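Worksheet for the structure shown next.
Quick caveat: nothing in here was measured; it's all calculated off a predicted structure.
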Amino acid sequence: MLPRSVVPERRTAPAWRRPAQTALDRTRSTPAKEPTLSAHRAEPPAFPGRFTASGVFVCFEGGDGSGKSTQSHALAEWVRAEGFRPLLTFEPGDTPVGRLLRSIVLSPETGALADRTESLLYAADKAEHVETVVLPALERGEVVITDRYVDSTLAYQGAGRALQLSDVEWVARWATHDLRPHLTVLLDLAPTSGLGRFEERDRIEGESMEFHERVRAGFLAMADADPDHYLVLDARLPVADISAAVRERTRPFLAQAERVAT
Ligand SMILES: Nc1ncnc2c1ncn2[C@@H]1O[C@H](COP(=O)(O)OP(=O)(O)OP(=O)(O)O)[C@@H](O)[C@H]1O
Ligand SMILES: Cc1cn([C@H]2C[C@H](O)[C@@H](COP(=O)(O)O)O2)c(=O)[nH]c1=O
């Protein structure tokens, strides 16, 4: 090994370490460089939200059993029929490490977890998901449809658990590069109805009704605060009616997706 004094200082990263420009670099609200550590200390960074200019990012949110999976599949089918490429995905668990995280957070055998541990495990799943699945697909101009995203952690860990919402949000926004869906569809349903749609309960579904009521209120508050990016639908409506409303709100965004070559 060379002594430190003769190792030339590298002022810029070598080309192989410099990331290529991504869809995220071309978002509408883009601090291209991470603030320095001292900047973080002086002024906590705000999270204004970043929306990619390529591809379309649609998210389904709502309580357990509200119909997210049914509707995400229906939207993906329609997107394909319209001549675009859908990428159907979900949180937690749609990456190799995410599968392990999912089994930890959802398996009843895990038992009690510290609220912060649970929050960080979900955040880790999101970080991996955004970096390896969501962003690359948006970069390719695809229509990414995710069953749950950051709002789920804001509702379940932020409103449901005894954690400071702003802390949960900071971690989740940081984990996801503050990437936001162009549209979030909130399927609103009373927890008694949603949980009544199936018999088995995972670790989170097994929480009290008060917990699930706080989660529902958390989702509704987020949608209320930002109507431009949310579509709230009554999840008791017939499946076909919900699908039609979702298609109508999604259609204008397809202009920024890549058509499949024919
Ligand atoms: N609009 C609807 N009306 C009545 N039943 C519905 C409706 N949408 C979905 N369902 C039924 O409710 C159950 C749960 O639906 P689905 O799996 O799509 O919900 P989910 O929100 O993805 O659930 P989870 O939170 O467990 O992931 C399924 O049996 C599905 O057929
Ligand atoms: C993404 C995310 C999810 N959860 C909870 C919500 C559900 O109870 C489960 C996921 O189960 P699903 O059948 O796949 O919907 O996890 C959460 O608490 N925090 C999150 O960030």
Leu88 side, atom CG; Leu75 side, atom CG - distance, nearest 0.5 Å: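 Interatomic distance, Leu88 CG to Leu75 CG, rounded to 0.5 Å: 9.0 Å.
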Hey, does the side chain of [X] reach the backbone of [Y] with a donor-acceptor pair shorter than 3.5 angstrom?
{"X": "Thr153", "Y": "Val150", "answer": "no"}
{"X": "Ser107", "Y": "Ile104", "answer": "no"}
{"X": "Asp125", "Y": "Leu101", "answer": "no"}
{"X": "Arg50", "Y": "His177", "answer": "yes"}
{"X": "Ser119", "Y": "Asp115", "answer": "no"}

Is [X] atom [atom1] crowded by more than 12 heavy atoms from other residues, nucleotides or ligands, each under 6.0 Å away?
{"X": "His73", "atom1": "NE2", "answer": "no"}
{"X": "Arg85", "atom1": "CZ", "answer": "no"}
{"X": "Arg247", "atom1": "CZ", "answer": "yes"}

Side-chain contact test, heavy atoms from C-beta onward, threshold under 4.5 Å: evaluate it for [X] versus [Y] and give yes or no.
{"X": "Leu220", "Y": "Arg216", "value": "yes"}
{"X": "Phe57", "Y": "Tyr149", "value": "yes"}
{"X": "Thr184", "Y": "Asp151", "value": "yes"}
{"X": "Glu213", "Y": "Pro191", "value": "yes"}
{"X": "Phe198", "Y": "Asp64", "value": "yes"}
{"X": "Arg116", "Y": "Gln157", "value": "no"}
{"X": "Arg259", "Y": "Phe84", "value": "yes"}
{"X": "Ile242", "Y": "Leu187", "value": "yes"}

When you check the side-chain N and O atoms of [X] and [Y], is any donor under 3.5 Å from an acceptor?
{"X": "Gln71", "Y": "Ser243", "value": "yes"}
{"X": "Arg148", "Y": "Tyr156", "value": "yes"}
{"X": "Glu205", "Y": "His212", "value": "no"}
{"X": "Asp94", "Y": "Thr89", "value": "yes"}

Centroid separation Phe90 to His129 less than 6.0 Å: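 Distance test on ring centres: not under 6.0 Å, no.
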Reference residue Ser152; test side-chain contact (heavy atoms from CB on, under 4.5 Å); the match among Lys68, Glu61, Glu91: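 Of the listed options, the one satisfying the test is Glu61.
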